[in-house]
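Below you'll find the structure, written out as structure tokens, and then a few comments.
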Amino acid sequence: MARHLITSALPYINGIKHLGNMVGSMLPADAYARYMRRRGHDVLYICATDEHGTPAELAAKEQGLPVDEFCAQAHDAQKAVYDGFALAFDYFGRSSSPENVEITQHFARRLNENGFIEERAIRQVYSPADGRFLPDRYVEGTCPHCGYDKARGDQCENCTRVLDPTDLLNPRSAISGSTDLEVRETKHLFLLQSKLQHEVEEWVSRHENDWPQLAASIARKWLNEGLHDRAITRDLDWGVPVPADTWPELAAEGKVFYVWFDAPIEYIGATKEWSDQDPENRDWKSWWYDVDTDVRYTEFMAKDNVPFHTVMFPATELGVREPWKKVDYVKAFNWLTYYGGKFSTSQKRGVFTDQALEILPADYWRYFLIANAPESDDSSFTWEHFTATVNKDLADTLGNFVNRVLSFSRKRFGDEVPAGGEPGEAEHRLGEEIARLLAEYEEHMETLQFRKAAASLRALWSAGNSYLEEKAPWLEIKTDKDGAALTLRTAMNLIHLYAVVSEPLIPTTARTMREAFALRDDVAAWVAPDEARSLAAVPAGTPFTVPPVLFAKLTDEDLQAYKERFGGEGA
């Protein structure tokens, strides 16, 4: 089977992420990785905390901690939340790792040797009150494009336009708030992207027809506007140091690489971290170096990260003049909004992932977010929509089916799967429908159409309910006990099938459903449509138990409590 390298955009270290971050990168990447593993592929899913740059320094300052100590604590806190969401990373690293420092410095040296890095004197914002040059995120002000008054010096959070600090109107220091700012001369390294424009265009042209329109259009827009040479160093205390053997003067001044230079390289760095834990059995270069035809590389990210992954990082890789693996498929997402407004880490607006897990288990959130993933356009989170989805799809369609089948069978036939007669017309029709829907579900997962995949999975669950209503074993048992037993045995096989194929979206619930049956050698990773047609994986006589309620229905009181805590229309 093929080898699949999967990465999701690195979450910033400064604070727990909100639901928009989760659905825009890590969660769909996890669902895809789980699915591909179950289909027998060799999968490596890599992610890491993005720990360099001003967000880390500012957050550490706010908490009164040394930045390295803050990052270590924040990494562990984020990882705990991702574990709570059952994100099955093969490795979750840190961009501050020695491996990333080593590889980033290697890239910089090679780019310099190949004539793609240039040292330039530039004029940069300096704050006398702080006694230092201010990197882009240390400068805040009003965006000249949309008028947003909390724009940062690297990017406007409101309109997503990339900025330089000197573009801002009414700028102020993010450290002290001082508006007494000067522009002074300092030296920095520039990546000469303009010299790589043609190569990047050729590379994008070979891939963009395969990418979603969102990713392709953003990459093409940047290329049409022309690639500009970009500063890749900053005046910070925390980051990958400029190597002294190549740039001694800048190293002596304490320059570090810009976070957007080293962050994408951390995908490679984290893979080396993973490999270094077991070097006898893991080879990080087999995933990243000279493997274009062997490994399929898929990236997951929200639309604001697309330019860096489809243009800037490929330019870096091309300029190194070494055979590093480049992305094959970019799965980009629009925004998940909160009642039509933007989720915001900096403004603490919306539901954050740790808060979500305080309220309900992960599978409630995993299913809702995948079923409403902002793929073709932005989608809105509302508590009304969330509670309606949980109640209809999870509690009624799936949870109620499992509970009433197992409870009724135990009540009338005991704690083993009943035998009953041979499958009849209804069972054959059901098998054909299940095979069709499962093939549809597989197609959507293969093509990374997550909303459609969730709809197909929901249709699989609904098919079981339709069959149960048609056969009505609670009536059938009064006149045809063997017929009722057959109906329940068939329904129990559906439960086992649901357990196997639902795992990419709701892994904890899937495990609970599967463990309800005491099957020996139950090791099937997947069920192919042709196999599913027979509905015979759980034979008569198999012991079973009735699990606790899989999904609790949410009440009007729950809805009101959520809105009072987090806000929302009518709260």
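Reckoned from all heavy atoms, side chains included, excluding hydrogens, waters and symmetry mates. Computed from a predicted structure; not experimentally measured.
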Margin query: Quick check: closest heavy atoms across V43 and A33, and the distance to 0.1 Å?
Written below: CG1-CB, 4.0 Å
Next item on the list: For T7 and Y297, work out which heavy atoms get closest and say how close.
Entry: OG1-OH, 2.9 Å
Checklist line | F107 and W324: CA distance, side-chain angles, deciding distance, ring-ring contact (aromatic ring centres under 6.0 Å, His included) verdict | finding: CA-CA 11 Å; F107 269 49; W324 294 100; 5.3 Å; yes
Next item on the list: Determine whether more than 12 heavy atoms belonging to other residues, nucleotides or ligands lie under 6.0 Å from atom NE2 of H198.
Entry: no
Checklist line | Beyond-backbone contact of W238 with C71, side-chain heavy atoms, under 4.5 angstrom | finding: yes
Notebook entry, point to check: Would N21 and H18 count as having a side-chain donor-acceptor pair, cut-off 3.5 Å?
Noted result: yes
Next item on the list: Tell me, please, whether F566 has K563 positioned over its six-membered ring: NZ or CZ under 6.0 Å from the ring centre and within 45 degrees of its axis?
Entry: no
Checklist line | Close side-chain approach of L189 to E118, heavy-atom, < 4.5 Å | finding: no
Margin query: Looking only at side-chain N and O atoms, does T382 offer a donor or acceptor that is under 3.5 Å from a partner on Y338?
Written below: no
Notebook entry, point to check: If only atom types and distance count, is the side chain of E57 paired as donor or acceptor with the main-chain N or O of D237 below 3.5 Å?
Noted result: yes
Next item on the list: State whether the side chain of Q105 and the backbone N or O of E102 hold a donor-acceptor pair below 3.5 Å, judged by distance alone.
Entry: no
Note to self: Any carboxylate oxygen within less than 4.0 angstrom of a Lys/Arg side-chain nitrogen, looking at D30 and R366?
What the structure shows: yes
Margin query: Within a 6.0 Å radius of atom CD on Q213, are there more than 12 heavy atoms belonging to other residues, nucleotides or ligands?
Written below: no
Checklist line | Donor + acceptor pair across side chains of E564, Y562 (<3.5 Å) | finding: no
Check: Quick one: does Q193's side chain have a donor or acceptor within less than 3.5 Å of a partner on H228's backbone?
Finding: yes
Checklist line | E317 and K326 ion-paired at < 4.0 Å | finding: no
Item checked: Heavy-atom donor-acceptor pair, E208 side chain to S217 backbone, under 3.5 Å -> no
Notebook entry, point to check: Minimum heavy-atom separation for T353 to I16, with atom names?
Noted result: OG1-CG2, 3.1 Å
Check: Are H188 and Y258 an aromatic pair by the rule of ring centers under 6.0 Å?
Finding: no
Next item on the list: For Q277 and E273, test the side chains for any donor-to-acceptor distance below 3.5 angstrom and give the result as yes or no.
Entry: no
Note to self: I'd like to know if the side chain of D164 and the backbone of T166 have a donor-acceptor N/O pair within less than 3.5 Å.
What the structure shows: no
Check: Taking all non-hydrogen atoms of both residues, which atom of A9 and which atom of N305 are closest, and how far apart?
Finding: CB-ND2, 3.3 Å
Next item on the list: Please round to the nearest 0.5 Å and tell me the distance separating atom CG of L227 and atom CG of L196.
Entry: 8.0 Å
Margin query: As a quick check of understanding, evaluate side chain to side chain donor-acceptor pair (under 3.5 Å) for N372 and S379, giving each step before the final call.
Written below: CA-CA 7 Å; N372 297 280; S379 61; over 6 Å; no
Next item on the list: Flag this pair as yes if the NZ/CZ of K79 is under 6.0 angstrom from the six-membered ring centre of Y82 and inside a 45 degree cone about the axis; otherwise no.
Entry: no
Note to self: Minimum heavy-atom separation for F89 and S8, please, with both atom names.
What the structure shows: CE2-OG, 4.5 Å
Notebook entry, point to check: Does a donor on one side chain and an acceptor on the other come within less than 3.5 Å for K255 and T186?
Noted result: yes
Margin query: If we count only N and O atoms by modelled type, under 3.5 Å, do the side chains of Y267 and H309 hold a donor and an acceptor together?
Written below: yes
Notebook entry, point to check: Just by distance, with hydrogens left out, do T142 and D149 show a side-chain donor and acceptor under 3.5 Å apart?
Noted result: no
Note to self: Just checking W383 against Y339, ring centres under 6.0 Å apart?
What the structure shows: no
Check: Just wondering, are more than 12 heavy atoms of other shown residues or ligands nearer than 6.0 Å to CZ in R565?
Finding: yes
Checklist line | Whether K195 side chain and G115 backbone form a donor-acceptor pair below 3.5 Å | finding: yes
Next item on the list: Could you tell me if the ring centre of H52 sits under 6.0 Å from that of Y12?
Entry: no
Checklist line | Spacing of S96 atom OG and D68 atom CG [to the nearest 0.5 Å] | finding: 8.5 Å
Next item on the list: Would you check, one step at a time, whether the test side-chain contact (heavy atoms from CB on, under 4.5 Å) holds for L448 with F300?
Entry: CA-CA 10 Å; L448 290 83; F300 290 78; 3.4 Å; yes
Note to self: Taking the ring centre of each residue, are F368 and H385 less than 6.0 Å apart?
What the structure shows: yes
Item checked: pair E446-Y35: side-chain heavy atoms closer than 4.5 Å -> yes
Margin query: On a heavy-atom basis, which atom in A215 and which in V306 lie closest, and how many Å separate them?
Written below: O-CG1, 3.8 Å
Checklist line | Non-hydrogen side-chain atoms of I370 and P28 separated by less than 4.5 Å | finding: yes
Margin query: I want to check something: taking the side chain as every heavy atom from C-beta on, are F450 and E375 in contact at a cut-off of under 4.5 Å?
Written below: yes
Margin query: Could you measure the distance from the OG atom of S127 to the CZ atom of R184? Nearest 0.5 Å is fine.
Written below: 9.5 Å
Margin query: Under a 3.5 Å distance rule, please check whether Q155 uses its side chain to pair with a backbone N or O of T160 as donor and acceptor.
Written below: yes
Notebook entry, point to check: Side-chain contact, heavy-atom cut-off 4.5 Å: N158 with C143?
Noted result: no
Item checked: Between H145 and D167: side-chain donor-acceptor atoms closer than 3.5 Å -> no
Item checked: From CA spacing to verdict: salt bridge (Lys or Arg N to Asp or Glu O under 4.0 Å), D378, K303 -> CA-CA 11 Å; D378 292 350; K303 58 187 175 183; 3.5 Å; yes
Margin query: Check this for me, if you would: do R321 and E199 make a salt bridge, where the nitrogen-to-carboxylate-oxygen distance has to be below 4.0 angstrom?
Written below: yes
Item checked: Atom pair CH2 (W260) and OG1 (T316), whose distance is rounded to the nearest 0.5 Å -> 11.5 Å
Margin query: Taking atom NZ as the centre, does K342 end up with more than 12 heavy-atom neighbours from other residues, nucleotides or ligands that are less than 6.0 angstrom away?
Written below: yes
Notebook entry, point to check: Hey, are R282 and D276 close enough for a salt bridge, meaning a charged N less than 4.0 Å from a carboxylate O?
Noted result: no
Margin query: Looking at Y148, is its backbone amide N or carbonyl O close enough to the side chain of K150 to form a donor-acceptor pair, meaning the two atoms are under 3.5 Å apart?
Written below: no
Item checked: Side-chain donor/acceptor of T104 to backbone N/O of V101, under 3.5 Å -> no
Note to self: Checking T49 against E51: is there a side-chain donor and acceptor pair closer than 3.5 Å?
What the structure shows: yes
Item checked: Main-chain N/O of K272 paired to S275 side chain as donor or acceptor, under 3.5 Å -> no
Notebook entry, point to check: To the nearest 0.5 Å, how far apart are OG in S376 and CD in Q449?
Noted result: 9.0 Å
Next item on the list: Report yes if the side chains of M301 and V330 come closer than 4.5 Å at any heavy-atom pair, otherwise no.
Entry: yes
Item checked: Distance in Å, I6 CD1 paired with Y45 OH, rounded so as to fall on 0.5 Å steps -> 8.0 Å
Check: So, R110 and E322, do they make that salt bridge, N to O below 4.0 Å?
Finding: yes
Note to self: Just so I know, are the side chains of C47 and P11 near enough to count as touching, which here means a heavy-atom distance under 4.5 Å?
What the structure shows: yes
Notebook entry, point to check: Can we say E253 and R234 salt-bridge, meaning some charged N sits less than 4.0 Å from an Asp/Glu carboxylate O?
Noted result: no
Checklist line | Between N100 and S95: side-chain donor-acceptor atoms closer than 3.5 Å | finding: no
Margin query: Looking at R152 and D154, is any side-chain nitrogen of the basic one under 4.0 Å from a carboxylate oxygen of the acidic one?
Written below: yes
Margin query: With side chain to side chain donor-acceptor pair (under 3.5 Å) as the test, pick out the partner of T271 among W287, Y91, W288.
Written below: W288
